[in-house]
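Computed from a prediction, not measured in an experiment: that's the story for all the values here. Computation of the quantities below employed the complete heavy-atom set of this structure, encompassing side-chain atoms and omitting hydrogens, waters and symmetry-equivalent molecules. Numbered from 1 within each chain, the chains take letters A, B, ... in sequence-line order.
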Amino acid sequence: MEETPPNPYTPSVVEPKWQQRWTERGTNTATLDNPKRPFYALMMFPYPSAEGLHVGNLFAFTGSDISARFHRLMGHDVFQPLGFDAFGIHSENYALKVGAHPMELTPKNVANFTRQLGRAGFMVDWNQKVDTSRPDYYKWTQWVFLQLHKQGLAYKKAAAVNWCPTDKTVLANEQVEGGLCERCGTPVEQRFLEQWFFRISDYAPRLLNNLEWLDWSNVTRQAQRNWIGKSEGAHVTFDVQGHGERLTVFTTRADTIFGATYLVLAPEHPLVNTLTTDAQKSAVAAYVEQTTKQDLISRKSTREKTGVFTGAHAINPATKQPVPIWIADYVLMEYGTGAIMAVPGHDERDFEFAQVFALPIVRVVAGADQQADTPFDGAAFTDDEGGRLVNSAQFDGMSVTDAKREVTTWLNTQRHAEAVTNYRLHDWCISRQRYWGPPIPIIYCDDCGAVPVPESQLPVELPNIPDFKPDDSGISPLARHEEWYRTPCPTCGKSARRETDVSDTFLDSAWYFLRYPSATRDDVPFDAARTKTWLPVNSYIGGNEHAVLHLLYSRFITMVLKDGGHIDFEEPFTRFRAHGMIIREGAKMSKSKGNVINPDQYMEEWGADAFRMYLMFLGPYEEGGDFRDQGISGVRRFLDRLWASVRDATTEGAADDEVLRKLHRTIKKVGDDTANLAYNTAIAAMMEYINVVRRGERAPHRDEVLPLVQLVAAYAPHLAEECWEALGHTGSVFDAGWPAFDASKLVDDAVDIVVQVNGKTRGKVRAATGAGQEDAVALAMADSGIAKFVTDTPRKIVFVPGRLLNLVV
RNA sequence: ACCCGGAUGGCGAAAUGGUAGACGCGGGGGACUUAAAAUCCCCUGAUCGCGAGGUCGUGCGGGUUCGAGUCCCGCUCCGGGUACCA
């Protein structure tokens with residue numbers, strides 16, 4: 001038999017050993033009450049799919065875990081909880097597909113996720129877990145709804161949903177592909193249903209302004225700014241000829257009013273019926289119906305302009321000329337006032353429309369080299385930089401910027417305009433005509449109307465019904481269960497009906513971070529003292545796919561709870577960082593490509609520590625990385641070498657001075673990089689260090705390897721614990737703190753100074769630390785390899801102390 | 001179309017305006033071994049040269065600077081997000 005190396009690193013032994021110890025010793029349990037330096041580290045909780053943990057989840061969680069463990073090493077009391085976003089259409093659709101019930105499937109998936117998460121070795125305080133589909137959680141989701149209702153921020157109105165006439169069911173936007181139902185291929189229609197909305201648009205200015213000071217990834221803040229879509233403009237009012245009615249439009253280009261040659265209303269506009277003349281009634285009705293028959297997605301993506309004349313005319317308040325009123329689906333009811341003044345000369349869409357229907361196009365803005373009568377060259381003139389007004393009476397010659405203001409003021413004096421700020425953000429529809437979600441806690445009584453369920457009667461439990469599939473009624477499956485929805489009115493006691501819609505999953509996740517510290521309390525949604533101690537969240541890490549919806553809704557709900565007096569902060573996440581996406585061998589991972597990584601398999605073969613570390617080594621955490629199968633051997637080799645160094649470490653003699661200098665530089669770099677989520681370069685620095693420690697199979701000194709164990713702990717927690725123990729400690733390395741570094745050890749006695757001649761590097765000289773320019777020049781000129789390029793007396797000398805000398809001749 | 005990112009060796013990637021390619025993968029050579037694996041050491045951008053050494057090189061074209069992968073202007077391509085938003 002061959003001689004095997006003594007005591008090799010065996011993750012399959014080390015990892016379970018420490019996972020068990022952590023559980024036994026409560027290593028990952030946070031000190032929730034009276035912590036000294038509380039630090040709430042949050043990662044976005046996963047949706048527990050049947051496929052199990054995706055490598056993308058693992059990538060995200062590992063980066064978050066490293067940050068949390070690092071903060072703990074730096075002396076914080078870190079609370080890092082995790083839970084499951086278990087409600088929602090994904091779970092429900094999957095259950096439908098496999099013919100199982102979500103109430104049975106979900107606990108199984110949660111158990112599998114919990115196993116996988118444990119296997120990966122995350123520092124999660126499982127005592128405080130959350131599962132949004134359990135009554136002890138959604139009781140409080142319903143409570144949140146009631147707070148909004150109480151504050152007048154929840155209301156009901158009719159709104160369009162996607163409807164599949166074959167499956168006879170409501171579809172989510174992602175279930176519509178190119179205007180067709182993803183399951184049966186039938187063209188999808190719109191239906192108008194009464195639904196619950198939250199007035200998030202009231203909060204638009206606050207949501208926008210706070211972005212200025214939030215410590216969040218720029219990409220995320222920018223995405224939210226775009227989504228909120230602040231737009232400065234004016235409401236302009238047109239009198240309708242022969243009617244008492246007036247029409248108000250929103251425009252950002254009040255300056256072009258003289259070129260407004262027609263108006264367009266959204267087909268759903270409430271005045272369409274009133275304004276349409278008898279002659280046009282049937283054409284308009286047909287068009288409105290055709291629009292309705294289209295799904296929401298393809299209506300917004302087809303670019304061909306269609307529309308119908310209503311037969312009515314309005315008076316342009318600037319020109320006093322009558323202009324025709326049309327309806328067209330390119331005008332959206334949900335933005336602005338659902339009506340526009342069309343200026344075909346200076347708006348691409350209006351131009352296209354005017355071309356199709358031969359409507360007049362008037363130039364009212366001229367560019368630098370254009371005149372009032374310069375013809376349009378087949379396109380609208382939208383470049384307003386340096387444009388001057390033409391064909392606009394007293395405003396001729398004025399710049400576009402000035403005219404926006406002046407025209408609005410002028411129209412305002414005639415009560416025809418008002419400067420307004422409009423937001424793209426519209427109210428949040430939380431109704432889902434589905435089963436797998438928290439029932440909306442409202443009871444309809446014929447006498448009392450829509451009555452909120454009293455808080456004392458929460459939760460409104462989701463019944464376990466076998467037939468949870470949506471049906472042809474267009475309303476929730478719960479509506480088929482009279483025994484469930486019949487209930488006495490809380491106000492008058494008469495027989496009444498429960499709301500049968502459930503709420504949006506985004507409501508579940510819009511407050512979950514408040515629940516974690518208080519997850520074991522069943523008498524309150526969140527304990528006042530714990531909330532004060534732990535919130536707002538110190539560090540939130542997650543995917544930028546949630547940049548808008550989840551993060552915006554969470555901010556909104558937090559503001560509402562603050563306004564309701566439940567909490568004393570209005571921004572939930574002090575710091576947010578978006579991680580990147582992980583691809584494989586240059587291609588996106590997908591089931592259809594069959595290139596999805598199975599984390600279990602990799603952890604089995606290489607160990608969780610190696611897998612974690614490899615994921616972090618792929619590239620910058622905030623940008624993502626390319627998973628190449630062969631690459632993992634590199635980090636595994638590093639861990640093998642680390643273990644061997646600990647195993648072979650000696651206490652005899654003293655540590656090598658050179659190695660110690662490298663060590664102190666490494667402590668600094670790993671600390672700085674880890675704090676900045678620059679995990680890839682932190683790992684590279686540790687690899688560099690171990691290359692120095694092990695160079696030529698030298699036996700390292702204990703003092704050289706011990707601090708490295710602390711540095712690597714956040715990255716490879718199991719192995720670090722094992723090493724820490726092997727070095728004679730009984731406690732956890734995570735309670736050992738961060739190694740001290742000696743700044744004086746960062747500087748050498750001598751440094752290399754790069755020497756350039758005319759900006760070209762020609763060599764380097766070794767100079768004493770702190771050497772001045774004259775010393776450096778002397779050393780450079782003494783080097784024949786450098787001096788030969790210095791053909792004349794230097795005209796100019798650039799000297800960067802300790803770094804560089806540039807001789808310009 | 002708009003808003004963000006990004007483009008650097010065979011590959012994943014590093015580089016406060018200061019030696020481009022750290023670290024890792026892959027490849028080549030060597031040591032150890034009967035042998036292989038593992039481990040360890042060295043080499044590995046292109047090109048010219050026997051060599052010392054030189055020249056070129058960070059998507060493209062300009063500019064600023066003693067000096068540009070990095071800053072500025074104008075493009076090209078790729079990725080992500082939003083999208084008839086008036």
Side-chain angles (χ1 to χ4, degrees), chain A residues 2 4-5 8 217-223 225-227 229 231 233 249-253 256 264 299-305 328-332 334-343 346-350 352-353 382 422-426 544-545 547-548 580-581 583 585-586 588 614 617-620 622-635 637-638 640-641 644 678 680-691 694-698 752-764 785 788 794-800 803-809:
Chain A
E2 310 310 313
T4 49
S217 294
N218 268 324
V219 276
T220 313
R221 292 192 300 171
Q222 194 53 44
R225 276 188 205 109
N226 292 343
W227 188 263
S231 174
V249 304
F250 174 72
T251 181
T252 55
R253 294 297 304 276
T256 61
V264 188
R299 163 166 172 184
K300 291 186 183 182
S301 52
T302 35
R303 240 132 254 263
E304 296 83 64
K305 294 289 176 285
D329 66 359
Y330 81 93
V331 174
L332 308 172
E334 67 261 26
Y335 186 78
T337 61
I340 62 157
M341 63 178 215
V343 185
H346 306 286
D347 181 281
E348 283 174 37
R349 299 151 300 180
D350 297 344
E352 283 172 35
F353 191 82
T382 55
N422 191 56
Y423 293 91
R424 201 194 83 110
L425 180 67
H426 43 256
N544 220 32
E545 67 272 19
V548 177
M581 267 194 6
I583 56 172
E585 314 268 340
K588 214 187 242 178
Y614 181 51
F617 189 60
L618 295 177
E622 289 172 89
E623 282 164 41
D626 189 354
F627 192 101
R628 301 182 71 250
D629 295 14
Q630 286 175 313
I632 193 168
S633 60
V635 289
R637 251 195 287 277
F638 165 76
D640 283 330
R641 284 151 71 78
N680 57 331
T681 50
I683 293 168
M686 291 188 275
M687 287 173 163
E688 266 188 72
Y689 179 61
I690 204 133
N691 288 345
R694 296 287 292 171
R695 179 163 293 155
E697 292 186 303
R698 71 186 274 280
D752 284 330
I753 294 178
V754 172
V755 183
Q756 299 181 337
V757 179
N758 290 338
K760 284 195 176 221
T761 303
R762 294 302 183 180
K764 60 184 176 186
K788 71 178 180 188
R795 193 157 50 81
K796 180 173 176 182
I797 295 172
V798 181
F799 181 64
V800 183
R803 298 205 71 139
L804 173 129
L805 177 71
N806 187 10
L807 303 168
V808 184
V809 296

From C-beta outward on A:Thr761, which listed nucleotide comes closest to its side chain: B:A22, B:A86, B:A20? B:A20
Tell me the closest heavy-atom pair linking A:Phe250 and A:Gly336, and the distance in Å. CB-CA, 4.1 Å
Assigned glycosidic conformation for B:G9 [threshold 90° from 0]: syn
Go through the side-chain N and O atoms of A:Asn226 and A:Arg424 and say whether any donor and acceptor fall under 3.5 Å apart. no
Using the C1' atom on both, measure B:U19 against B:G27 and round to a whole Å. 26 Å
Could you tell me the separation between the CZ atom of A:Phe799 and the C1' atom of B:C66, rounded to a whole number of Å? 15 Å
Main-chain N/O of A:Ser231 paired to A:Asn422 side chain as donor or acceptor, under 3.5 Å: no
Passes side chain to side chain contact (heavy atoms under 4.5 Å, CB included), A:Thr251 versus A:Val343? Steps please. CA-CA 10 Å; A:Thr251 181; A:Val343 185; over 6 Å; no
If the plane angle is over 60° it's perpendicular, under 30° parallel, otherwise tilted; pick one for A:Phe627 and A:Tyr614. perpendicular
Heavy atoms from C-beta onward define the side chain here; which of B:G24, B:C84, B:C66 lies closest to that of A:Met687? B:G24
Closest to the A:Thr251 side chain: B:G67, B:C25, B:A86? B:A86
Would you say B:G5 has OP1 or OP2 under 4.0 Å from some side-chain N or O of A:Asn544? no
A:Phe638 has an atom CZ; how far is it from atom P of B:A22, in whole Å? 18 Å
Atom NZ of A:Lys764 and atom P of B:U19: how far apart are they, to the nearest Å? 11 Å
Would you mind telling me which of B:C66, B:G18, B:A86 lies closest to the side-chain atoms of A:Arg803? B:G18
OP1, OP2 of B:A14 versus side-chain N and O of A:Asn680: anything below 4.0 Å? yes
Think A:Arg637 has a side-chain N or O under 4.0 angstrom from the OP1 or OP2 of B:C25? yes
In whole Å, what is the span from the CZ atom of A:Arg795 to the C1' atom of B:U65? 13 Å
Between the side-chain atoms of A:Gln756 and the base atoms of B:G18, is any donor-acceptor pair under 3.5 Å? yes
B:G26, B:C84, B:A86: which one has an atom nearest the side-chain heavy atoms of A:Tyr335? B:A86
Detail all sub-3.5 Å separations between protein N/O atoms and N/O atoms belonging to nucleotides 79-81 of chain B.
from: B:G80; atom 1: OP1; to: A:Lys588; atom 2: NZ; distance (Å): 2.7

Given B:A86, B:C23, B:C3, identify the nucleotide with an atom nearest to the side chain of A:Leu332. B:A86
If every non-hydrogen atom of A:Asn758 is compared with every non-hydrogen atom of A:Val808, which pair is closest and at what distance? OD1-CA, 3.4 Å
What are the two closest heavy atoms between A:Ala342 and A:Val264, and how far apart are they? CB-CG2, 4.3 Å
Between B:A7 and B:U58, how far apart are the two C1' atoms, rounded to whole Å? 9 Å
Whole angstrom value for the distance that separates P of B:G5 from CD of A:Glu622: 13 Å
Just how far is it from atom OG1 of A:Thr761 to atom CD of A:Gln756, taken to the nearest 0.5 Å? 4.5 Å
Testing B:G18, B:C23, B:A83 for proximity to the side chain of A:Trp227, the answer is B:A83
If I pick the P atom on B:A1 and the same atom on B:G49, what distance separates them, to the nearest angstrom? 49 Å
Polar atom pairs between nucleotides 46-57 of chain B and protein, under 3.5 Å, N or O only, would you list them?
from: B:U55; atom 1: OP2; to: A:Arg762; atom 2: NH1; distance (Å): 3.3
from: B:C56; atom 1: OP2; to: A:Lys760; atom 2: NZ; distance (Å): 3.0

Nucleotide N/O to protein N/O under 3.5 Å, stretch nucleotides 29-33 of chain B:
none

Determine the interatomic distance between C1' on B:A36 and the same-named atom on B:A31; round to the nearest Å. 15 Å
